[in-house]
Amino acid sequence: MPQEDKPIPPARLERNNNDERYDPQRIEQKWTERWQSDPSLYAAEAHSTKPKFYVLEMLPYPSGALHMGHVRNYSIGDALARYMWMNGYNVLHPMGWDSFGLPAENAAIKNNTPPKQWTLANIAAMKVQMKRLGFAYDWSCEVTTCLPDYYRWNQWFFLKLYQSGLAYRKKSKVNWCPVCCTVLANEQVVNGNCWRHEDTPVEQRELEQWFLRITKYADELLRDLEKLQGWPEKVRIMQQNWIGRSEGTLVDFDLGGTVGPAGSTITVFTTRVDTIYGATSVQLAPEHPIVADIASRHPDLRAQVDQLIAEQRKAKETGDIGAIEKHGVFTGRYAKNPYNGEAVPVWVANYILMDYGTGAIMSVPAHDERDYEFANKYKLEIRLVILPQSSDPEETMVEPPLPFTTKDGIVVNSGEFSGLSCDDAIKKMTARAEEKGFGKATVTFRIKDWGISRQRYWGTPIPMVYCDKDGVVPVAEKDLPVILPDNVPITLAGGSPLAGVPEFLNTTCPKCGGPARRETDTMDTFVDSSWYFYRYADAHNDKAPFDSATIAYWFPIDQYIGGVEHAILHLIYSRFWTKFMRDMGLVKNDEPVARLFTQGMVIKDGAKMSKNLGNVVSPDEMVARYGADAARLYSLFAAPPDRDLDWQDSGIEGIQRFLGRVYRFFLRNPVKKSRDPEPAEQLVMLSSEARAIQRKLHQTIKRVSHDFQGRWHFNTCIAAIMELVNEIYSAEEAITGGRVPNSLIADAQRNIALLLAPMAPYLAHELWEMTGATSNLLKAPWPKYDPALAAEDEIEIPVQVNGKLRGLVVVPAGATDDQVEQAAIANEKVKAAIAGKQIVKKIVVPKKLVNIVVR
RNA sequence: GCGGGGCUGGCGGAACUGGCAGACGCGCUGGCCUUAGGAGCCAGUGGCCGCAAGGCCGUGCAGGUUCAAGUCCUGUGCCCCGCACCA
């Protein structure tokens with residue numbers, strides 16, 4: 001939503017009529033103007049001998065205003081981009097807009113504004129915010145997914161998917177959100193509710209839909225998770241669970257005669273065929289077609305089954321599926337276990353899901369907890385067929401107190417398979433099924449094909465045509481894009497708005513030229529975000545989605561940064577898209593993203609910021625009060641980036657104080673003699689105060705470099721710079737008294753500007769200029785430290801007696817262990833602590849500590 | 001139930017490979033400067049005892065390994081996130 005204009009209280013410092021005040025508004029405005037005058041400032045180099053680095057933050061939905069989560073995300077990415085520039089990389093750092101989607105339609109209804117107008121206005125507003133925050137984006141390759149020059153390539157990809165058999169149309173039960181009035185992908189259903197309307201249960205509807213065959217890549221998507229060592233383990237595991245690969249066996253149970261159109265066989269799926277001699281019933285999902293067949297002749301059963309179906313649906317909707325009490329009903333029929341020829345009763349049970357496996361299971365109460373619970377309730381036979389490996393095979397447990405469910409056992413009571421280990425039994429029994437033709441090995445996935453049809457207006461039109469003569473016909477490539485018409489009346493009722501636009505709907509068949517109708521559904525917006533980051537590298541290509549050679553240079557993305565909420569949806573779809581493009585020969589990389597970083601949420605008063613709770617902090621207000629640098633620096637300082645950040649207004653004030661301290665140090669100690677950076681002089685004869693500053697300076701460069709590169713602990717980077725500034729302030733008397741050479745002050749100032757440059761770019765640039773430097777700080781080399789100058793002359797060694805701190809001794813940095821030990825023992829407090837006791841052991845950890853063990 | 005992360009002062013957080021727990025910042029207390037201070041500067045600030053010197057206790061809890069444990073091991077509690085009748 002667009003930000004309403006609230007009167008913003010003036011920055012507190014502005015009331016201070018002091019020439020030394022740090023005025024972020026003045027400084028930041030000055031640099032904004034300068035940076036805007038050079039649009040190529042942040043542009044990636046097309047031909048470069050430098051190593052490349054592609055750093056990317058997840059593109060926002062243009063809701064109208066940035067929130068603090070965006071600011072944090074982009075502050076991290078921007079710091080990294082700037083750091084890599086300073087380290088000599090050719091950096092690609094783009095930004096764009098995930099700009100199709102339902103909120104634009106909702107806003108259209110509410111404000112009577114066309115979605116396009118609303119969206120483009122929001123983009124303009126948010127771009128202003130981003131520029132005000134000083135993020136170094138290469139706007140020349142901006143991607144806006146709702147514009148035809150982008151979405152035409154969605155359509156182009158769709159045609160390619162269709163040609164490859166990876167896009168298909170199918171009538172099926174789909175998830176329908178009654179508030180969005182559209183279909184949702186499985187990935188967009190959260191606990192049975194719509195992902196955007198968490199209180200709205202998803203309904204099931206039968207509709208003709210377009211699907212993308214992501215399941216073709218299910219195995220590879222799973223396998224290649226191994227390659228993604230630069231991804232958080234959490235995300236890899238979430239994807240692994242989502243894909244849900246499971247190896248098992250299909251086994252046919254014969255019903256001994258046809259019941260109806262669904263046939264005379266029940267095929268069950270099991271991962272534990274080794275337990276099949278213990279199967280004492282077959283359980284069907286209430287929605288299983290054979291249940292419908294049987295029930296059609298038995299009205300009583302029909303009613304009971306309907307109840308089970310209703311119950312299951314309700315449980316799914318409330319998210320309680322998994323906790324409902326198991327119950328079921330006997331169908332009156334029996335099915336034959338093909339291994340032992342035994343006929344077992346066929347039941348319908350509410351804990352069997354139609355959309356996993358075959359919707360039918362064999363029930364083995366002795367070796368499955370769920371089956372055990374069910375069998376106990378209905379007094380079904382519990383037959384033991386696996387014994388724990390350790391126990392005596394002679395010993396027969398007739399009534400197991402609990403089912404034994406692990407594979408670590410021996411098969412018993414299973415005819416010729418008795419005596420085998422579970423794994424061997426699975427192999428041999430599956431082979432038997434294949435040999436006899438009553439079953440086979442199979443792999444089941446939890447992941448389903450991706451339904452992309454949406455009955456909404458504001459999305460990419462699906463480029464397909466329906467002809468009475470030729471059926472479903474793809475739009476010719478040369479006729480792309482199929483333009484999304486403007487001025488479409490939008491309601492949230494009655495299906496696809498495009499169906500009500502005759503100029504759009506009516507077309508001619510690409511094949512026969514006769515009258516035909518266009519597809520009126522649009523694509524899921526996750527299609528847009530599945531490949532947008534490729535377009536950045538070649539954003540103005542009008543012959544192809546991108547040039548393959550350019551992609552080969554930039555990909556994979558070196559660092560992708562965003563919220564963990566995209567761990568499944570966006571990040572699995574875009575992996576699928578990359579694999580499809582690779583198989584098309586369009587890209588060479590198997591994976592789009594080499595390293596992924598998921599930053600923590602921004603919370604306030606212990607809760608996620610939300611309008612309902614009224615704990616939202618507006619970036620605009622923060623920038624107006626404290627400046628962009630302070631807002632950015634605080635979002636990096638308040639917590640390490642992977643953890644949740646608890647926003648505290650008093651914290652950002654502290655950051656502003658710090659920036660003011662830095663600024664005043666420069667202001668009070670103008671050093672304009674030297675021009676551009678030059679190596680620090682070797683300052684041999686320094687006062688102790690000067691030496692302390694010099695040492696701290698080099699130690700700080702070391703620490704910041706280390707924490708930045710290796711760990712991304714921006715909070716400790718900033719803390720280190722604060723320490724340096726504190727050191728300088730505490731030496732103020734020495735500075736004003738002339739005991740610190742000008743050249744050292746100049747050196748410190750240059751380095752402080754450099755160290756701050758990635759995180760607080762406005763002030764850093766101002767300070768850089770104040771030192772007299774004329775080069776562009778953006779690409780100034782990251783500072784290096786001199787180990788000799790960073791070294792301490794003397795070190796303080798804690799001395800423990802029996803592991804407890806008893807004294808501190810100061811020794812020269814180069815002291816030998818013996819000297820340190822002597823100094824430790826000579827210490828008065830240590831003497832007192834060991835007086836009258838016998839020294840058992842002396843431990844000297846070089847440069848760290850001494851521990852004297854006494855008795 | 002399974003998986004991932006977390007638990008350190010009044011608060012946000014430091015302590016990367018076992019080696020001075022509490023860096024840095026906020027808050028608080030005191031002082032300086034000032035017509036004024038919601039500006040700036042300086043100092044103090046884990047708890048308990050003590051005038052002090054100093055002592056004891058302290059990283060969710062209980063054990064253990066070690067000269068030495070926030071860090072390693074065993075057990076356990078609580079919080080957050082994800083998945084969940086997946087056969």
Side-chain angles (χ1 to χ4, degrees), chain A residues 12-13 15-18 20-21 191 232-238 240-242 244-246 248 268-272 275 283 312 315 319 321-326 349-353 355-364 368-371 373-374 444-446 564-565 567-568 600-601 603 634 637-640 642-655 657-658 660-661 664 703 706-707 710-711 713 715-723 726 729-730 732 796-805 807-808 829 832 840-843 845 847-854:
Chain A
R12 288 168 188 175
L13 283 166
R15 270 211 249 155
N16 183 349
N17 228 358
N18 183 334
E20 288 197 337
R21 75 183 188 277
N191 286 337
E233 193 190 5
K234 179 189 171 86
V235 173
R236 296 205 317 260
I237 290 171
M238 283 167 75
Q240 187 183 317
N241 292 340
W242 184 261
R245 185 181 197 274
S246 156
V268 306
F269 172 72
T270 177
T271 55
R272 293 295 306 273
T275 65
Q283 304 286 343
Q312 222 179 32
I321 192 100
I324 55 175
E325 201 193 323
K326 289 175 190 42
N350 65 345
Y351 70 101
I352 309 302
L353 309 169
D355 54 12
Y356 185 77
T358 59
I361 63 149
M362 60 175 198
S363 175
V364 185
D368 183 287
E369 285 180 39
R370 296 154 300 177
D371 296 345
E373 189 186 331
F374 192 86
T444 303
F445 290 94
R446 207 185 81 113
V564 73
E565 65 273 17
I568 303 292
M601 287 188 304
I603 59 176
Y634 178 66
F637 177 68
D642 53 331
R643 279 215 234 165
D644 285 353
L645 185 159
D646 193 352
W647 188 276
Q648 297 183 348
D649 288 342
S650 56
I652 191 172
E653 287 180 26
I655 287 291
R657 260 196 298 266
F658 163 65
R661 269 164 83 82
R664 279 188 300 277
R703 250 180 90 186
H706 178 260
D707 286 2
R711 312 197 303 161
H713 278 203
N715 53 335
T716 56
C717 290
I718 296 163
I721 301 169
M722 286 173 168
E723 282 186 51
N726 290 346
Y729 265 73
S730 70
E732 195 181 6
E796 199 182 46
I797 302 279
V799 183
Q800 298 179 336
V801 176
N802 286 350
K804 290 197 175 181
L805 183 68
L808 292 167
K829 288 173 186 168
V840 180
K841 201 171 179 183
K842 286 176 279 193
I843 293 139
V845 184
K847 293 184 193 295
K848 290 274 189 192
L849 133 164
V850 175
N851 190 10
I852 299 165
V853 186
V854 297

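Per chain, numbering begins at 1; letters A, B, ... match sequence-line order. Everything quoted here is computed from the prediction, not taken from an experiment.
Checked by atom type and distance alone, the side chain of A:Asn802 pairs as donor or acceptor with a backbone atom of A:Val854 at under 3.5 Å. Side-chain N or O atoms of A:Asp644 include one that pairs as donor or acceptor with a backbone N or O of A:Met601 at under 3.5 Å.
At the heavy-atom level, A:Leu849 lies under 4.0 Å from base atoms of the strands shown. Residue A:Gln800 is classed as a base contact, given a heavy-atom separation below 4.0 Å to a base. Across all strands shown, A:Ile352 has heavy atoms under 4.0 Å from base atoms, whether or not it also approaches the sugar-phosphate. Note on A:Gly244: nothing from the nucleic acid sits closer than 4.0 angstrom, heavy atoms only. Nucleic acid contact class of A:Glu369 (heavy atoms, under 4.0 Å, all strands): none. Within 4.0 Å of A:Lys842, counting heavy atoms only, lies no atom of the nucleic acid at all. No engagement by A:Asp707 is indicated, since no non-hydrogen atom pair under 4.0 Å with the nucleic acid exists. Counting any heavy atom pair closer than 4.0 Å across all strands shown, A:Pro640 reaches sugar-phosphate atoms only and no base atom. Counting non-hydrogen atoms under 4.0 angstrom, A:Val853 reaches the backbone sugars and phosphates but no base.
Pairing for B:A14 is absent, judged as Watson-Crick or G-U wobble with the two contacts each under 3.5 Å. B:U74 is paired with B:A62 under the Watson-Crick or G-U wobble criterion, all donor-acceptor distances under 3.5 Å. Using the Watson-Crick or G-U wobble rule with both distances under 3.5 Å, B:C32 pairs with B:G40. Checking B:C83 for Watson-Crick or G-U wobble geometry (two distances, each under 3.5 Å) identifies B:G1 as its partner. Across all strands shown, B:G50 forms no Watson-Crick or G-U wobble pair with both distances under 3.5 Å.
Under a cut-off of 6.0 angstrom, the local environment of CD in A:Glu369 is sparse, with at most 12 non-hydrogen atoms contributed by other residues, nucleotides or ligands.
In this structure, A:Arg711 atom CZ and B:C16 atom P are separated by 7 Å, rounded to whole Å. Straight-line distance from the CG atom of A:Asp371 to the C1' atom of B:C86: 13 Å, rounded to whole Å. Atoms CG (A:Asn802) and P (B:G55) sit 14 Å apart, rounded to a whole Å.
An anti orientation is assigned to B:G40, its glycosidic angle lying beyond 90° of 0.
Of the candidates B:C85, B:C16, B:G54, the closest approach to any side-chain atom of A:Leu353 belongs to B:C85. For A:Lys234, taking side-chain heavy atoms from C-beta onward, the closest of the listed nucleotides B:G25, B:G4, B:G19 is B:G4. With B:C85, B:G12, B:C41 as the candidates, the nucleotide lying closest to the side chain of A:Tyr351 is B:C85. Nearest to the side-chain atoms of A:Glu233 among the listed nucleotides B:G19, B:C86, B:G4 stands B:G4.
Side chain A:Asn851 to base B:C67: a donor-acceptor pair is found below 3.5 Å. Side-chain atoms of A:Lys326 and base atoms of B:C85 include a donor and an acceptor less than 3.5 Å apart.
Between A:Ala638 and A:Val850, it is A:Ala638 whose nearest contact on RNA chain B lies nearer the 5' terminus. Each of A:Ala719 and A:Ser650 was matched to the nucleotide of RNA chain B holding its nearest heavy atom; the match closer to the 5' end belongs to A:Ala719.
The aromatic rings of A:Tyr351 and A:Phe374 sit tilted relative to each other, their planes meeting at an angle between 30° and 60°.
In this structure, A:Arg643 does not reach the B:G4 phosphate: none of its side-chain N or O atoms is under 4.0 Å from OP1 or OP2.
With no hydrogens or angles considered, a side-chain donor-acceptor pair links A:Arg661 and A:Asn726 at under 3.5 Å.
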